[in-house]
Amino acid sequence: MSNTTELIRLEGIKKSYNSVEVLHGVDLTVNAGEVIALLGENGAGKSTLVKILAGDIFPTEGVIKIDNSELAGLDVYQARQLGIRMIFQELNDAPTLTVAENIFLGQWPTSGGRIAWKELKRKAQEVLDRLEVDIPLDAIAGSLRVGERQLIEIARALIQNAKILVLDEPTAALSNVEVERLFKVMDQLKAQGVGMVYITHRLDEVTRVADRVQVLRDGNPVLNEFAKDVSRDALVTAMLGHAAVKNARPEVSKGHTVALEVKGLSDGSVFNDISFNVHEGEVVCLFGKIGSGTSEILESIFGLRTITSGEIDIYSERFTPKSPQDSVSKKIGYLPADRQRLGSFAIRSVAENLSVASWARMAKAGFVRKMDEEAAYGTWADALSISARRGPSQEIATLSGGNQQKVLLGRWFEARVNVLLLVEPTRGVDVGARRDIYEIIRKQAKESNMAVLVATSDYEEVVLLADRALVVSRGAISAEFTDDLVQANKLIAASS
Amino acid sequence: MVKLKSGSTAQGGEDGAKKRRKIPDSAPLVGVLLFMMVLFSITSEYFFQIDNFKNVLANAAVTGIVCIPSTFLIISGQIDLSVGSAAAVSGMLLAQVVNHHGVVLGLLSVLIFGLILGCFNGFIVTVIGVNALITTLGGLGFLYGVALLIGNGQTLGMKNFDWLGTAQPIDIPLPILIFTVLAIIGSITLRFTKFGRSIYAIGSNPNAARVVGIRSNRVMFMTFILSSVAAALAGAVLASQLSSGDPNSGLGLELQVVTAIVLGGASLAGGRGTILGTVLGLLIVGVLNNGLILMDVPTFWQRIAQGLMLIVAVSFDSIRAKLNNTRS
Ligand SMILES: Nc1ncnc2c1ncn2[C@@H]1O[C@H](COP(=O)(O)OP(=O)(O)OP(=O)(O)O)[C@@H](O)[C@H]1O
Ligand SMILES: [Mg+2]
């Protein structure tokens, strides 16, 4: 295409953290009306590169060219002036404020020094309508699902009239319908000449939205092509450095004893009369669109959400979840969807984050030995291929998003729980590692007789992970599939 | 066996990190301390003498006893401002009871007072859920009133009980020994025990701490009790040093405590801090006070210096956070 207008060009970008180089000279050109898909494994440097583009961090080397001028880096204000807007991988909202306030965060429209509430609400509603989302404007952001909060962040970027829009894994927590709506909006923006950089681990999205694909591997550029010219396999090979192994539906199996049984569970609002069981060594997936109630069911079992009726049995013994602490002491583990708020201890080390749920077991006379923690790190860094360049003492917040997720998953394996509840376990995890994680979850379940219950909105995940799948639709179980009947098309049909 | 990658990334990184040992966080504090010591040695001939060091340390020890559990609290994201007034009440109570019923009952009453106050603070903060700053600010106010009440607004002389504050077994004042033991126990607790590690976890992310099964309320409750008991002990030591209970003796103690801790690198946002840092912070505050006294600076200037020191310390906290952000 010769008639494209170049909006910004990054050349030879290098970035080091504490003298460890994570980007080794990468170029990125954003043209008007073009969507670039930026792909790569966890820790490849995607977020780092776009943060440099958005003025969030400064490159160690390289130039940024805009309108004939060359800069060594941008700051947030320059980026803002240039119309660069970014949706970060991690939530970046004000959880105690309302949806409307969040959409206009920091740039509330004013009239005569006072916030123009009417105008604010009208505009906020407009942009939500554009995304076809149905969230009340006065809901408190913190009370919403992660996916909904992500949509609000997208809405915030939309009202700011971006010239360049960066989306760092915006769809990781969105349902398929929501993703499709986002894509429609992206199509509109494209027609208006907005240039976009789009990061994702879902390869099927690439052909749908992207004009160009760029792949990073370990901080090096390895592929830059027109999206229509590359096959999915070529992309995977570029990302991993080798072709992917084909995964098929695993051999299903389960123990005889029922580890978790739920009877007629209701929470009075989101889900109603839910009954199912999970055997020892069995992986059961609750599949449903985001918002269907799957993650809320897990929250209730863990004691984070009150139930109005129904019962829960753990190994045939009545279990009344009183608090998360109570559930943990009953050997139930829970991987939350909101990893920042409920999952990671951001400023603490990877080793500590991995072993924190196992301290009770590790402690001898109240003492927790560093050795045991580092052994835990050794085991899981290896098995989950966690890439922490500075080893067990690296702060978890400085890992890439996908690697943080792996740490939080490893935490519960290390804790050797009997019942493991996982909400979207591979959120933000790359294609290669995703398959590995499925394998590990299954292996852990079988070897240690752990009952695993997964809430997911990803049908491929169900096919590759589940011994049994329960489809949840509008807060009720609408279908059950076992054995080789767990197939993507059936799941999707039953969930709508 | 699911062995995926040769973990080489992780291992290699670790070796690299060992080679590039970074400067310990306490280095700048040691620098400031040495600088001040050199400065005061030049300005006053009395500064660099064993007796003066003992004096500095004995004064710092009283504050230091309180600093140990207060460091726990600040790391966990809480704060206890009632310690100064609690120490005053404790001193008054001690003088009163020792004079009438003897030393044993005196010490016992002080201990019980500490326990009750700790339970009270712990209950209000963890069970009722009131912000710790407000709860203990209230305590600061009403306990000062109680201290005045006990002695009818006067200081109370205390007979036959000065060993706690002034005895010198192995030629070192007892308060210094008490403080040293507490600091070592505190440091070990924070670094190596489940209790101590939970404190960091709670401070770093209270919600996640619940999800991984940490009994946050229990840990907090315990820590508030430790804080009040330490304040009561400090009050007793102080009264013993002065041979009297003085309702004004604890004034500003909370200020010194928070200054020392924050100077020592603990973050008011929680999740960060060490006992070593606190001890260094404490010494800096102590040496500064002592140096100003030796230079004959009027006491009101010392107050001004202390207050400014706190602001400087907190600014360090923010600047450090900013630096970390830009580096990352
Ligand atoms: N603040 C930091 N300090 C040290 N290292 C960091 C920091 N931020 C990121 N890194 C490292 O830089 C590398 C690239 O991280 P980045 O977040 O860009 O990966 P990513 O491609 O976005 O991965 P993901 O798909 O998991 O989000 C990782 O090895 C990460 O650990
Ligand atoms: Mg990322």
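Numbers restart at 1 for each chain; the letters A, B, ... are given by sequence-line order, proteins then strands. Every heavy atom of this structure was used, including side-chain atoms; hydrogens, water molecules and symmetry mates were not. From a predicted model like this one, the values you see are computed outputs, not experimental measurements.
- Here A:Met362 contributes atom CE and B:Arg197 contributes atom CZ; the two are 9.5 Å apart, rounded to the nearest 0.5 Å.
- Only the backbone of A:Ala346 comes within less than 4.5 Å of a heavy atom in chain B; its side chain stays farther off.
- Proximity to chain B (any heavy atom under 4.5 Å) is shown, for A:Ala360, by both the backbone and the side chain.
- Residues meeting the side-chain hydrogen bond (donor to acceptor under 3.5 Å, both in side chains) test with B:Arg210, sequence neighbours left out: none.
- Heavy atoms of A:Gln444 lying under 4.5 Å from chain B are absent altogether.
- The shortest side-chain heavy-atom distance between B:Arg215 and A:Ser329 falls under the 4.5 Å cut-off.
- B:Arg218 CZ: 12 or fewer foreign heavy atoms inside a 6.0 Å radius.
- For A:Ser327, no part lies near chain B; criterion is any non-hydrogen pair under 4.5 Å.
- Identified by a heavy-atom distance below 4.5 Å to chain A, the contributing residues of residues 177-191 of chain B are B:Ile188, in residue-number order.
- The heavy-atom pair separating A:Trp412 from B:Val212 by the smallest distance is CH2-CA, 3.9 Å.
- In this structure, the side chain of B:Asn205 engages the main chain of A:Gln340 through a donor-acceptor pair within 3.5 Å.
- Only the side chain of A:Arg411 has a heavy atom closer than 4.5 Å to any heavy atom of chain B.
- The shortest heavy-atom contact between A:Val356 and B:Ile214 is CG2-CD1, 4.0 Å.
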